[in-house]
**Q** 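Can you read through this structure? Questions will come right after.
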Amino acid sequence: MIDLKALRDDPDTARASQVARGADPALVDQLLAADERRRSLLSAFEQQRAEQKELSRSIGKAAPSEREAVLGRAKQLAEQVKDAEAQADAAAEELDRLLWAMPNIIVDGVPAGGEEDFVELRQVGTPRDLAAEGIEVQDHLAIAEGLRAIDTERGAKVGGSRFYFLTGIGSLLEMALLQWTLNRLVDEGFTPMTTPTLVRPEIMAGTGFLGAHADEVYRLAADDLYLVGTSEVALAGYHSNEILDLTDGPVRYAGFSACYRREAGSHGKDVRGIIRTHQFHKVEMFVYAPIEEAEAEHERMLAFEEASLTALGLPYRVIDVAAGDLGSSAARKYDCEAWLPSQQRWLELTSTSNCTTFQARRLGIRERTADGRTRPAATLNGTGVTTRWLVALLENHQQADGSVVVPEPLRPYLGGRELLEVVR
RNA sequence: GGAGACGUCGCAUAGUCAGGUCUAGUGCGCAUCCCUGCUAAGGAUGUGAGCCCGCAAGGGCUCCGUGGGUUCAAAUCCCACCGUCUCCGCCA
């Protein structure tokens, strides 16, 4: 959630943020009114409560003759206090409801508008001219079937549509990607983590995934648990309700987990292959940082993602996602999209978000500053690598005979193999 | 799955049976200061979080795993839930 005091001091920034997101700026004024109301009712309650405590304490030492009279007054006061508390609670609840409905305030410079209004920051690498190389372009599934790397038919038999098996070299290639990325993140000072994939409601809500996109999340009703769509959820919950020491710099985690997404509302979209699936694997970067260092950490994660794509020989572009397409927690988001030869379009491979102190407030994540005070920390997340990268890898490195060249960095993880050959 | 024990202000503990200066005691740790030529030892003071009022000084409220309830009054009594530990059973 956002900082109420900051909102009180500077409501215009919040209104402008709402407008940029295409959201309702009136929410800001509703918040201000609810805040005002809550504070006045809280003060009234606290004053009465203090009075009641005073009186109640006096009963123990009251003379027997006065006892009855004091007790009578105390009972009366107790009724009033109960009433005042109920009013204060109701006002707090209303404020809370509004507060949880308010998305994060965007970072200055984020493009306004919706999904189509992103700003392309740069393109790196040049897509191969496959036609000029005499290659009849195959899509990732066709290539993978030649390599016996992916089996979507049996995936559907076992799990339904949007499920798949990675088989043989497909499975090995995924493992190679995951491990290569994890190792490099360890070198960068990230602590590797294998995380829970089922989480409690308050953790899922705290990360902001139960807002507008709640129907994307699997819920196990019998146990009241949610399946995570990314280990960001578990890693954000990891330090919930804790006070961290960030005086030596940000705390960085590299989480590995399976990820589950319902893909509700995407019927007929990306139905072929493994571009959009209900389950995949991901290495996720997650950082807890002092707010002053958040933007620098964000750039660092983006740089890591770009280095990965470059090392794998994947042409990509970086976009600064527009305000309306950010999701409730993010204040800024950069996506990296790799070139997809079979569709002649860009495909999102990474996404890194600066959530400033928004998630931290919901989850009770604070830091103790050098002067001994506490304040909410900033949280950031970014994609390390995902199963989807196989799609870009197979397509961009395909050869005329259906084989696929293994990018140099992955070879050590595949026993030195340089080429994945078609299985006859 | 069965049986039992237990969740207290960084850590460790007292308090819970018999509700009322518990406005949560004590030890350790930590911080500042004092004393000692240095060291060791000692002493004093302070030391949880959140919120509200206030320019400030200061004052007030909430929190003893979480949420309800009983009561004038709840760490303490009642109920539910969550978690931890021990033993048994089962199991990758």
Side-chain angles (χ1 to χ4, degrees), chain A residues 1-9 31-100 194-206 219-226 233-234 237-248 251 257-258 288 291 357-377:
Chain A
M1 65 187 76
I2 56 156
D3 181 357
L4 246 192
K5 281 177 189 157
L7 185 82
R8 237 183 271 156
D9 293 343
L31 271 166
L32 290 172
D35 175 45
E36 188 64 44
R37 184 174 152 73
R38 171 189 155 257
R39 282 186 293 146
S40 88
L41 287 171
L42 183 63
S43 284
F45 156 69
E46 287 186 348
Q47 197 192 325
Q48 289 185 44
R49 178 77 169 139
E51 213 176 305
Q52 187 207 9
K53 281 174 71 172
E54 176 72 33
L55 188 63
S56 187
R57 262 192 300 263
S58 75
I59 289 175
K61 35 190 171 177
S65 57
E66 298 169 3
R67 220 187 176 90
E68 272 312 304
V70 178
L71 206 61
R73 261 191 294 146
K75 282 184 182 176
Q76 202 181 8
L77 197 53
E79 280 303 308
Q80 287 178 31
V81 169
K82 209 173 177 180
D83 193 55
E85 184 172 25
Q87 283 189 46
D89 283 353
E93 237 169 78
E94 171 64 8
L95 175 64
D96 215 46
R97 193 184 64 74
L98 292 168
L99 214 43
W100 278 68
T194 307
T195 67
T197 49
L198 285 167
V199 300
R200 301 154 164 290
E202 64 267 27
I203 299 294
M204 189 56 90
R219 172 160 183 266
L220 304 194
D223 301 284
D224 199 18
L225 290 169
Y226 291 91
V233 178
Y238 189 68
H239 286 305
S240 60
N241 294 313
E242 292 184 20
I243 299 172
L244 305 174
D245 182 358
L246 301 177
T247 50
D248 292 332
V251 174
S257 80
Y288 295 88
I291 185 67
T357 57
F358 185 88
Q359 262 183 353
R361 278 174 209 283
R362 294 180 169 213
L363 290 167
I365 301 160
R366 290 165 291 169
E367 61 164 323
R368 189 171 307 280
T369 57
D371 63 0
R373 305 169 70 85
T374 63
R375 61 172 188 173

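On a predicted model such as this, the values are computed, not experimentally measured, just so you know. Each chain gets a letter, A, B and so on, in the order its sequence line appears, and its residues count up from 1.
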**Q** Using the C1' atom as the point on both nucleotides, what is the distance between B/U8 and B/C64, in whole Å?
**A**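 One C1' to the other, the span is 4 Å.
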**Q** Between B/G29 and B/A12, how far is it from one C1' atom to the other, in whole Å?
**A**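 It comes out at 10 Å once rounded to the nearest Å.
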**Q** Quick one: look up who B/A5 pairs with, Watson-Crick or G-U, both distances under 3.5 Å, and put none if it's unpaired.
**A**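 Its partner is B/U84 (Watson-Crick or G-U wobble, both distances under 3.5 Å).
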**Q** Roughly how far apart, to the nearest Å, are B/C11 and B/A49 at atom P?
**A**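 Here B/C11 and B/A49 have their P atoms 13 Å from each other.
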**Q** Side chain of A/Lys5: nearest nucleotide among B/C52, B/C61, B/A49?
**A**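 Nearest to the side chain of A/Lys5 among the choices is B/C52.
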**Q** Mind calculating the distance between CG (A/Leu55) and P (B/U21) to the nearest angstrom?
**A**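 Distance, rounded to whole Å: 15 Å.
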**Q** To the nearest Å, how far apart are A/Glu51 CD and B/G60 P?
**A**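 Result: 14 Å.
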**Q** Between B/A49 and A/Arg366, is there an OP1 or OP2 to side-chain N/O distance shorter than 4.0 Å?
**A**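 For A/Arg366, the contact criterion (side-chain N or O under 4.0 Å from OP1 or OP2 of B/A49) is not met.
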**Q** Do A/Ser43 side-chain and B/G60 base share a donor-acceptor contact under 3.5 Å?
**A**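 Side chain to base: no pair below 3.5 Å.
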**Q** Quick one: A/Lys82 NZ to B/A73 C1', roughly how many Å, whole number?
**A**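 Distance check: A/Lys82 NZ to B/A73 C1' gives 14 Å.
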**Q** Counting heavy atoms not belonging to A/Gln76, are there more than 12 under 6.0 Å from its CD?
**A**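 Counting other residues, nucleotides and ligands, CD of A/Gln76 stays at 12 neighbours or fewer.
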**Q** Under a 3.5 Å cutoff, is there a donor and acceptor pairing between the side chains of A/Gln359 and A/Arg362?
**A**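 On atom types as modelled, these side chains do not qualify, holding no pair under 3.5 Å.
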**Q** Which nucleotide, if any, forms a Watson-Crick or G-U wobble pair with B/A73, using both distances under 3.5 Å?
**A**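 Paired with no nucleotide.
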**Q** Do A/Leu198 and A/Leu220 have side-chain heavy atoms sitting under 4.5 Å apart?
**A**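 Touching, per the 4.5 Å side-chain cut-off.
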**Q** Counting only Watson-Crick pairs (N1-N3 plus N6-O4 or O6-N4) and G-U wobbles (N1-O2, O6-N3), all under 3.5 Å, who is the partner of B/G19?
**A**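 Pairing partner: none.
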**Q** Taking the same atom, C1', in B/C22 and in B/U13, what whole-Å distance lies between them?
**A**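 It works out to 16 Å between them.
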**Q** How many angstroms lie between CZ in A/Arg38 and CG in A/Leu99, if you round to the nearest 0.5 Å?
**A**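 It is 9.5 Å, given to the nearest 0.5 Å.
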**Q** Write down the partner of B/G50 under the Watson-Crick or G-U wobble criteria, each distance required to be under 3.5 Å.
**A**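 B/C61 is the nucleotide pairing with B/G50.
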**Q** Could you tell me how far B/U62 sits from B/A24 if I compare only their P atoms? Round to whole Å.
**A**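 So the two P atoms sit 12 Å from each other.
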**Q** By nearest atom, which of the nucleotides B/C61, B/C72, B/A49 is closest to the A/Ser56 side chain?
**A**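 The closest nucleotide is B/C72.
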**Q** Should B/G37 form a Watson-Crick or G-U wobble pair with both distances under 3.5 Å, which nucleotide is its partner?
**A**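 Check on B/G37: unpaired, no WC or wobble geometry under 3.5 Å.
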**Q** Below the 4.0 Å mark, does B/U21 have OP1 or OP2 next to a side-chain nitrogen or oxygen of A/Lys53?
**A**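 The answer is no; no side-chain N or O of A/Lys53 sits under 4.0 Å from OP1 or OP2.
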**Q** Using atom P in both nucleotides, what's the gap between B/G7 and B/C61 to the nearest angstrom?
**A**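 Nearest-Å result for B/G7 against B/C61 at atom P: 28 Å.
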**Q** At under 4.0 Å between heavy atoms, what does A/Arg73 touch on the DNA or RNA strands: base, sugar-phosphate, or nothing?
**A**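 Answer is nothing: A/Arg73 stays at 4.0 Å or more from every strand.
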**Q** Rounding to the closest angstrom, what is the interatomic distance between B/C9 and B/G46 at atom C1'?
**A**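 It works out to 15 Å between them.
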**Q** Between B/U62, B/C51, B/A49, which nucleotide has the shortest distance from any of its atoms to the side chain of A/Arg368?
**A**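 The closest nucleotide is B/A49.
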**Q** Which listed nucleotide (B/C61, B/C52, B/A73) is nearest to the side chain of A/Leu42?
**A**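 Minimum distance to the A/Leu42 side chain belongs to B/C52.
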**Q** Whole angstroms only, please: what is the CE-P distance between A/Met1 and B/C51?
**A**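 In whole Å, B/C51 P and A/Met1 CE are 11 Å from each other.
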**Q** Let's see if you can work this out: which of B/A49, B/C72, B/U70 has an atom nearest to the side-chain heavy atoms of A/Ile243?
**A**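 In terms of side-chain proximity for A/Ile243, the closest of B/A49, B/C72, B/U70 is B/A49.
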**Q** Does the side chain of A/Arg361 pick up a donor-acceptor pair with the side chain of A/Thr357 at under 3.5 Å?
**A**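 A/Arg361 vs A/Thr357: donor-acceptor pair found between side chains.
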**Q** Sticking with atom C1', work out how far B/G83 lies from B/C91, rounded to a whole angstrom.
**A**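 Approximately 23 Å lies between the C1' atom of B/G83 and that of B/C91.
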**Q** Indicate, with a heavy-atom threshold strictly under 4.0 Å, whether A/Arg8 touches base, sugar-phosphate, or nothing.
**A**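 The residue A/Arg8 makes sugar-phosphate contact but no base contact.
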**Q** Using whole Å, report how far CD of A/Gln80 lies from C1' of B/C72.
**A**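 Atom-to-atom, A/Gln80 to B/C72, this comes out as 13 Å.
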**Q** Could you check whether A/Arg373 gets within reach of a base, just the sugar-phosphate, or nothing at all, counting any heavy atom under 4.0 Å?
**A**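 A/Arg373: no heavy atom of the nucleic acid under 4.0 Å.
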**Q** Would you call A/Arg97-A/Glu94 a salt bridge at under 4.0 Å N-O?
**A**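 Yes, charged N to carboxylate O under 4.0 Å.
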**Q** Assess whether a salt bridge exists between A/Asp9 and A/Lys5, defined as any Lys/Arg side-chain N lying under 4.0 Å from an Asp/Glu carboxylate O.
**A**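 No, A/Asp9 and A/Lys5 are not salt-bridged.
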**Q** Taking the minimum atom-to-atom distance to the side chain of A/Gln52, which one of B/C82, B/C72, B/A49 wins?
**A**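 So the side chain of A/Gln52 is nearest to B/C72.
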**Q** Return the pairing partner of B/G27 with a 3.5 Å limit on both distances, Watson-Crick or G-U wobble; otherwise return none.
**A**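 Answer to the pairing question: B/C11, which forms a Watson-Crick or G-U pair with B/G27.
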**Q** Tell me which nucleotide among B/U62, B/C52, B/G83 gets nearest to the side chain of A/Arg200.
**A**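 Out of B/U62, B/C52, B/G83, the nucleotide with an atom closest to A/Arg200's side chain is B/G83.
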**Q** Taking the side chain of A/Ala78 as heavy atoms from C-beta outward, which of B/C72, B/C61, B/C52 is closest to it?
**A**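 In terms of side-chain proximity for A/Ala78, the closest of B/C72, B/C61, B/C52 is B/C72.
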